[in-house]
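Report on one structure; see the data block that follows.
Note that the structure is a prediction, hence the values are computed from the model and not measured.
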Amino acid sequence: QECFASTLLTHQTQGADLIVFAESIDFGELYVNYPISSTFKVANIGDTAGDYVIDVEGEGFTVTPNVGSIEPLAIETFTVTFNAPEANMEYEGIITIVTDNGDTLVQLQGSSIPYPDYSSIVLSGNISFSTGMEYPFAIDNSLVEGKSVAKMTIPVGVRTYTPSYL
């Protein structure tokens with residue numbers, strides 16, 4: 001993209017001429033409410049500033065910035081974020097980039113998976129799991145409301161941090 005965009009910028013046209021360097025973005029699988037981002041670029045190969053407005057259709061997708069102007073012979077990077085609100089779903093969307101020289105569409109897709117549920121393992125018996133210094137994480141068999149099942153402890157002297165998760 002960068003090399004191609006740089007080559008285009010050496011062939012300047014009259015007026016604003018915005019070129020979008022993306023046809024589709026596939027986010028793959030992600031956990032529910034765990035946002036992931038990707039970027040795409042738009043170049044203005046014209047000799048005047050080019051205005052744009054971006055519209056996003058599709059649940060869970062956002063784009064920033066969504067309105068603005070790109071100076072002549074400049075490239076702007078846009079960030080697309082996907083945040084799936086429900087598990088076990090396929091998501092599709094469309095970005096419409098409206099410019100003075102026409103609209104451009106970018107297809108979006110991604111799917112969501114639920115977080116792993118380890119409660120059945122913990123409830124099924126006397127289980128204990130812990131790791132070494134590289135991954136200070138432990139799971140025990142005491143799945144009781146209000147009590148932590150997993151915790152991370154960094155040894156004293158390094159710094160101590162013990163979050164709890166239900």
Return the [atom1] to [atom2] distance between [X] and [Y], rounded to the nearest 0.5 Å.
X	Y	atom1	atom2	value
Asn83	Thr81	CG	OG1	8.5 Å
Lys41	Ile19	NZ	CD1	14.5 Å
Ile45	Ile75	CD1	CD1	11.0 Å
Glu76	Thr39	CD	OG1	12.0 Å
Ile94	Leu105	CD1	CG	6.0 Å
Glu92	Glu90	CD	CD	8.0 Å

Examine the side chains of [X] and [Y] and answer whether a donor and an acceptor come within less than 3.5 Å of each other.
X	Y	answer
Asp47	Gln14	no
Thr64	Thr79	no
Asp55	Thr96	no

- request: Decide if the gap between the ring center of Phe82 and the ring center of Tyr91 is smaller than 6.0 angstrom.
  value: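 Yes: the rings meet the under 6.0 Å criterion.
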Do [X] and [Y] come close enough that some side-chain heavy atom pair is under 4.5 Å?
X	Y	value
Phe40	Val20	yes
Pro114	Asn88	yes
Leu108	Ile95	yes
Ile25	Val106	yes
Leu18	Tyr52	yes
Glu59	Pro85	yes

field: Side chain Asn101, main chain Asp17, donor-acceptor under 3.5 Å
entry: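 The answer is no, because no donor-acceptor pair under 3.5 Å joins these two groups.
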message: One pair to check against side-chain contact (heavy atoms from CB on, under 4.5 Å): Val42 and Ile70. What are the steps and the verdict?
response: CA-CA 8 Å; Val42 176; Ile70 302 174; 3.7 Å; yes
List the atom of [X], the atom of [Y], and the distance in Å for their closest heavy-atom pair.
X	Y	result
Ala16	Ala49	CB-O, 3.4 Å
Gly46	Asn44	N-OD1, 2.8 Å
Val32	Ser112	CG2-CB, 4.4 Å

message: Count I, L, V, M, F, W, Y as connected when their side-chain heavy atoms are under 4.5 Å apart, and connections chain through other members. Are Phe78 and Val98 then in the same cluster?
response: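 They do not share one cluster, since no chain of ILVMFWY contacts under 4.5 Å joins Phe78 to Val98.
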message: When you group the ILVMFWY residues by side-chain heavy-atom contacts below 4.5 Å and let the links chain together, are Ile113 and Tyr34 in the same group?
response: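 In one cluster: yes.
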